[in-house]
Amino acid sequence: MPETPRRARQAATLSLVFGAVLLAGAATGAWGDPAAPRPRPSADAAPAAVATLGAGQDPAGAALSEQQAEHLIGANGDRWGAYYSAQEYAEFSQGLDGRYLGVGLSVGRGQDGLTTVSQVQPAGPAAAAGIAVGDRLLEIGPDQADRLPVTEVVARLRGREGERQVGSEVTLAVRHGDGEVREVRLRRALLDSQQVAVERLDKGVVRIAVRAFTSGVAEQVRAAAHGAHGVVLDLRGNSGGLVEEAAGTAAVFLDGGPVGSYQERGGTRGLTAPPGGDQHVPLVVLVDGGTMSAAELLTGALQDRSRAVVVGGRTFGKGTVQQPSRLADGAVLELTVGRYYTPAGRSPEGVGLVPDVPAAGAEDAGALALRVLAGLGTRT
């Protein structure tokens with residue numbers, strides 16, 4: 001499981017934000033523990049009064065305990081309302097810049113119950129210490145890693161309360177292959193969260209996997225798609241993020257025109273792509289039940305504009321907008337204030353988006369996407 005914050009998805013910051021930011025894929029089960037904590041939705045760095053509290057209550061500037069905040073959210077029946085402590089919110093804002101605090105390794109546990117390193121981030125503290133994919137993680141601090149839940153291993157790699165700072169240390173016992181056990185002391189650092197992965201395939205086809213929409217993602221997608229003869233945009237497990245980055249990613253493939261709209265303080269704001277995007281490269285968007293929020297906005301825009309063929313499974317179905325209020329103690333309370341809509345006026349809230357070409361049963365959706373792309377032809 002990736003070394004992620006206590007909540008698998010980081011909150012996304014903007015004047016209004018859709019969904020949460022997945023820093024390393026844990027919430028989808030692709031890399032992580034299915035028992036990971038339930039993610040929380042979006043947040044906003046700017047203090048704002050929320051007009052949907054009812055009974056004339058406005059939390060902006062007030063001091064609420066977490067229990068009081070949770071009660072307020074429950075009383076309003078707000079499925080996506082959330083409370084963040086000041087420290088959590090600071091970490092979330094950090095994540096929006098595409099960074100996270102950690103040692104640069106991911107771990108997993110197989111059916112044999114052994115805890116092994118599944119990914120090592122280049123240039124991170126773990127890589128600098130010589131830790132490699134496939135190494136056994138035997139101990140973390142004084143405890144045997146295999147006797148701890150994977151989620152607890154992840155939490156300790158990241159740091160418990162009071163340890164979440166650059167330069168704090170964690171001690172590991174690791175074994176490479178059949179070699180000797182060695183003790184490694186790592187110092188936590190701010191690392192790039194690497195939200196975009198690019199795979200260049202035959203005949204100029206590029207597969208671009210976007211895990212979350214943090215700062216700079218749209219430009220990374222633009223660079224990856226430049227000169228491609230065909231693109232598979234893989235949004236599986238993408239839990240959302242910054243709406244500006246999602247709209248910017250849509251603009252990579254649209255020559256201007258609408259991307260969607262959302263509600264803001266009783267009005268509606270449209271999202272529009274500037275002219276100049278690549279309107280001609282064959283494009284397939286790959287989605288699943290972990291595709292949510294801003295990723296659904298992007299999918300819906302490309303689908304409604306007949307710009308891409310959507311392949312995979314029905315998306316998650318989060319189409320609401322949250323707006324935050326900063327409390328007196330620095331904590332943040334956010335409540336749902338409206339919905340967002342695709343260019344054709346659809347809201348994914350509660351229903352998701354249906355792919356144009358569904359993947360049946362255990363069918364490999366990735367392979368299906370490539371077959372669909374081949375059917376579209378490639379640009380020469």
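Each residue takes its place number in the sequence, starting with 1.
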Is a donor on one side and an acceptor on the other found under 3.5 Å between the side chain of [X] and the backbone of [Y]?
X: D146; Y: T115; result: yes
X: R314; Y: V351; result: yes
X: Q121; Y: G104; result: no
X: D255; Y: Q279; result: no
X: E245; Y: G216; result: yes
X: R188; Y: L157; result: yes
X: N238; Y: V210; result: yes
X: T171; Y: G141; result: no
X: Q303; Y: V354; result: yes

May I have the step-by-step check of side-chain contact (heavy atoms from CB on, under 4.5 Å) for L297 and T299, ending in yes or no? CA-CA 6 Å; L297 176 70; T299 300; over 6 Å; no

[atom1] of [X] to [atom2] of [Y]: how many Å apart, nearest 0.5 Å?
X: F316; Y: S293; atom1: CZ; atom2: OG; answer: 9.5 Å
X: T116; Y: D135; atom1: OG1; atom2: CG; answer: 9.0 Å
X: E349; Y: Y340; atom1: CD; atom2: OH; answer: 8.5 Å

So, using side chain to side chain donor-acceptor pair (under 3.5 Å) as the criterion, who are the partners of E296 when residues are at least two apart? T315

Of all residues at least two apart in sequence or in a different chain, which pass the side chain to side chain donor-acceptor pair (under 3.5 Å) check with T342? D304

When V103 is tested against each of L172, V184, L186 for side chain to side chain contact (heavy atoms under 4.5 Å, CB included), which residue passes? L186

Mind running side-chain contact (heavy atoms from CB on, under 4.5 Å) on L242 and V217 for me, showing each step along the way? CA-CA 9 Å; L242 296 173; V217 162; over 6 Å; no

What verdict does the side-chain contact (heavy atoms from CB on, under 4.5 Å) test give for T268 and Y341, after you've listed the backbone C-alpha separation in whole Å, the side-chain angles of each residue and the deciding distance to 0.1 Å? CA-CA 10 Å; T268 300; Y341 298 89; over 6 Å; no

Sorted by chain and residue number, the salt bridge (charged side-chain N to carboxylate O under 4.0 Å, His left out) partners of E199 (sequence neighbours excluded) come out as R207

One thing to verify: whether R156 and D143 come together as a salt bridge, which I'm taking to mean a side-chain N less than 4.0 angstrom from a carboxylate O. yes

Would you kindly confirm whether [X] and [Y] end up in one hydrophobic cluster when ILVMFWY residues are joined by side chain heavy atoms under 4.5 Å apart?
X: L353; Y: L302; result: no
X: V205; Y: V311; result: yes
X: V231; Y: V357; result: no
X: L105; Y: V174; result: yes

Check against side-chain contact (heavy atoms from CB on, under 4.5 Å), F253 and V281: CA-CA 8 Å; F253 304 104; V281 64; 4.2 Å; yes

Looking at side-chain heavy atoms only, is the closest gap between [X] and [Y] below 4.5 Å?
X: R379; Y: D278; result: yes
X: L235; Y: L298; result: yes
X: V181; Y: E139; result: no
X: L201; Y: L370; result: yes

Stepwise salt bridge (charged side-chain N to carboxylate O under 4.0 Å, His left out) test for R185 and E169: CA-CA 7 Å; R185 181 170 294 178; E169 292 187 345; 3.6 Å; yes

